[in-house]
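Residue numbers start at 1 and run along the sequence shown.
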Amino acid sequence: MSRVGRGIYPKRQAQKDPLMSEKVISAHKFVEYAFASPQKRVTIIESALLPPTYILDTKYPDIERATGNFLLSGCTDQNRLVALDQAYQKLDAYSDHHEQRLLNAMDAISHITNMHWPLVSTSDVEGLNGLPTDMEIGGIIVRVKPSVILKRNQSGFKHPFIGVAKIYFGKTQPLRSAENAERGVLFATLLHWFTEEALDFIGSSDPKMCFVADIFDEQTHFAASRYKQRRKQLEALALEIADRWEHISDRLQSKEQKRDQFAGKK
């Protein structure tokens, strides 16, 4: 039902066919899909097939890596985050869009250093260091890419209990809506499933050690202790995406070909 992979990356087709050849979707978009309208679900698959160019200039990947180092230090070493913040302050924005990107990045860094991180002294925090980052559910590859791994040794148990933490940047889409945190719980439950499937050779997955950190909301959401129904929900969503993928891919491919033909006539 599920499969993990080391370095499973979407292959690019020929230059004239930029659509993703594998059914790959990020954990962020996978969870967003669960709560999206029918039309938005189509858009999410389209974006997975043909990522918009505007996402390429985001600063969040650099910030996530710096946050990983911050967590590895037990939230004491802010040097990389501070260096990024200073670098962004010195940059000259070349457009309103770029300026907003920089402002969002600096805002995110501020939230990261201010929020409470649920790291306990009995747990060790470790980096990925070449460990699996993806898993397969229902015919699609979900790119999880945890930020760090948590380990806790306990007397009487041969292997440690483990979990993962994932950083979430969703300024306009918080994981909690009013008092409803189901989006965050579902995300963290996906992380727990990933840990159980992909990292079982390290230790026993503990839902209380799997959480997603919503940076702009300064909230952390943990996996559900009762997760069977949520896993069924995730699998059903994956099957739906897999079933719709080829049709949407063919439609986008046809549109691209028509654009190329039109451009060639000019």
Side-chain angles (χ1 to χ4, degrees), residues 7 26-32 55-91 98 100-134 142-152 162-176 181 183-192 194-195 198-199 202 206 208-223:
S26 69
H28 177 168
K29 289 298 181 182
F30 184 46
V31 174
E32 181 183 346
I55 69 171
L56 301 178
D57 64 346
T58 179
K59 308 301 179 185
Y60 294 150
D62 290 336
I63 297 173
E64 183 168 5
R65 284 188 288 270
T67 305
N69 283 278
F70 173 63
L71 297 178
L72 288 171
S73 74
C75 302
T76 60
D77 184 357
Q78 301 181 12
N79 287 337
R80 294 196 181 188
L81 289 168
V82 170
L84 283 177
D85 187 66
Q86 292 174 343
Y88 298 151
Q89 290 183 42
K90 294 177 182 178
L91 288 176
H98 185 230
Q100 190 59 54
R101 287 289 200 197
L102 295 174
L103 291 173
N104 288 345
M106 290 184 284
D107 191 21
I109 291 171
S110 176
H111 285 295
I112 289 165
T113 56
N114 288 335
M115 71 182 287
H116 168 71
W117 291 90
L119 304 178
V120 296
S121 58
T122 55
S123 296
D124 295 324
V125 184
E126 299 181 1
L128 272 275
N129 300 322
L131 292 173
T133 58
D134 308 331
V142 180
R143 180 136 300 152
V144 180
K145 294 184 69 175
S147 304
V148 293
I149 298 173
L150 308 178
K151 279 187 184 178
R152 185 185 80 248
I162 61 170
V164 296
K166 172 73 175 173
I167 298 167
Y168 172 82
F169 299 101
K171 191 164 189 175
T172 60
Q173 291 183 320
L175 294 176
R176 179 184 61 177
R183 188 187 298 254
V185 174
L186 189 66
F187 201 138
T189 301
L190 172 65
L191 298 180
H192 175 227
F194 164 81
T195 307
L199 305 178
I202 298 176
D206 184 347
K208 296 187 294 294
M209 297 174 66
C210 297
F211 69 86
V212 56
D214 188 342
I215 298 304
F216 289 104
D217 198 33
E218 292 192 17
Q219 296 289 327
T220 51
H221 302 273
F222 286 84

Correct closest heavy-atom pair for R101 and K59 would be O-CG, 4.5 Å

Closest approach of G68 and V148, non-hydrogen atoms and distance?
-> O-CG1, 3.9 Å

Beyond-backbone contact of L150 with V125, side-chain heavy atoms, under 4.5 angstrom = yes

Of the non-hydrogen atoms in I63 and A108, which two are nearest, and what is the gap between them?
-> CD1-CB, 4.4 Å

Under 4.5 Å between any side-chain heavy atoms of T67 and I215, yes or no?
-> no

Is there a donor-acceptor contact under 3.5 Å from the side chain of K166 to the main chain of A188?
-> no

Between D214 and R176, is there a salt bridge with N-O shorter than 4.0 Å?
-> no

Could you tell me which non-hydrogen atom of G163 sits nearest to which non-hydrogen atom of C210, and how far apart they are?
-> CA-SG, 3.7 Å

Could you give the distance from NZ (K208) to CZ (F222), rounded to the nearest 0.5 Å?
-> 10.5 Å

Taking all atoms of both residues into account, what is the closest heavy-atom pair of T133 and F194, and its distance?
-> C-CE1, 3.7 Å

Are L191 and V212 side-chain neighbours, meaning at least one heavy-atom pair lies under 4.5 Å?
-> yes

Are L199 and V164 close enough that some pair of their side-chain heavy atoms sits under 4.5 Å apart?
-> yes

Output for pair (L81 CG, Q86 CD), nearest 0.5 Å, gives 11.0 Å

Can you tell me if CZ on R152 sees more than 12 non-hydrogen neighbours from other groups inside 6.0 Å?
-> yes

Are Y60 and I167 close enough that some pair of their side-chain heavy atoms sits under 4.5 Å apart?
-> no

Measure the CD-CG distance between E126 and L71 for me, rounded to the nearest 0.5 Å.
-> 13.5 Å

Polar side-chain atom of K171 near backbone of F216 as donor-acceptor pair, under 3.5 Å | no

Do C75 and F70 touch side chain to side chain, with heavy atoms closer than 4.5 Å?
-> yes

Please name the pair of heavy atoms, one in N79 and one in D77, separated by the smallest distance, quoted to 0.1 Å.
-> N-OD1, 3.0 Å

Just list the side-chain donor-acceptor pairs under 3.5 Å for residues 110-119, sequence neighbours left out, or say none.
unit_1	atom_1	unit_2	atom_2	d
S110	OG	N114	ND2	3.3
H111	ND1	E218	OE2	2.7
H111	NE2	D107	OD1	3.3
T113	OG1	I109	O	3.2
T113	OG1	S110	O	3.0
N114	ND2	S110	O	3.0
W117	NE1	I112	O	3.0

How long is the span from the NZ atom in K145 to the CG atom in L128, to the nearest 0.5 Å?
-> 9.0 Å

Would you please name every residue forming a salt bridge (charged side-chain N to carboxylate O under 4.0 Å, His left out) with R183, sequence neighbours left out?
-> none

CG of D62 to CD of E64, rounded to nearest 0.5 Å, is 10.5 Å

Would you find a donor on one side and an acceptor on the other, under 3.5 Å apart, between the side chain of T220 and the backbone of F211?
-> no

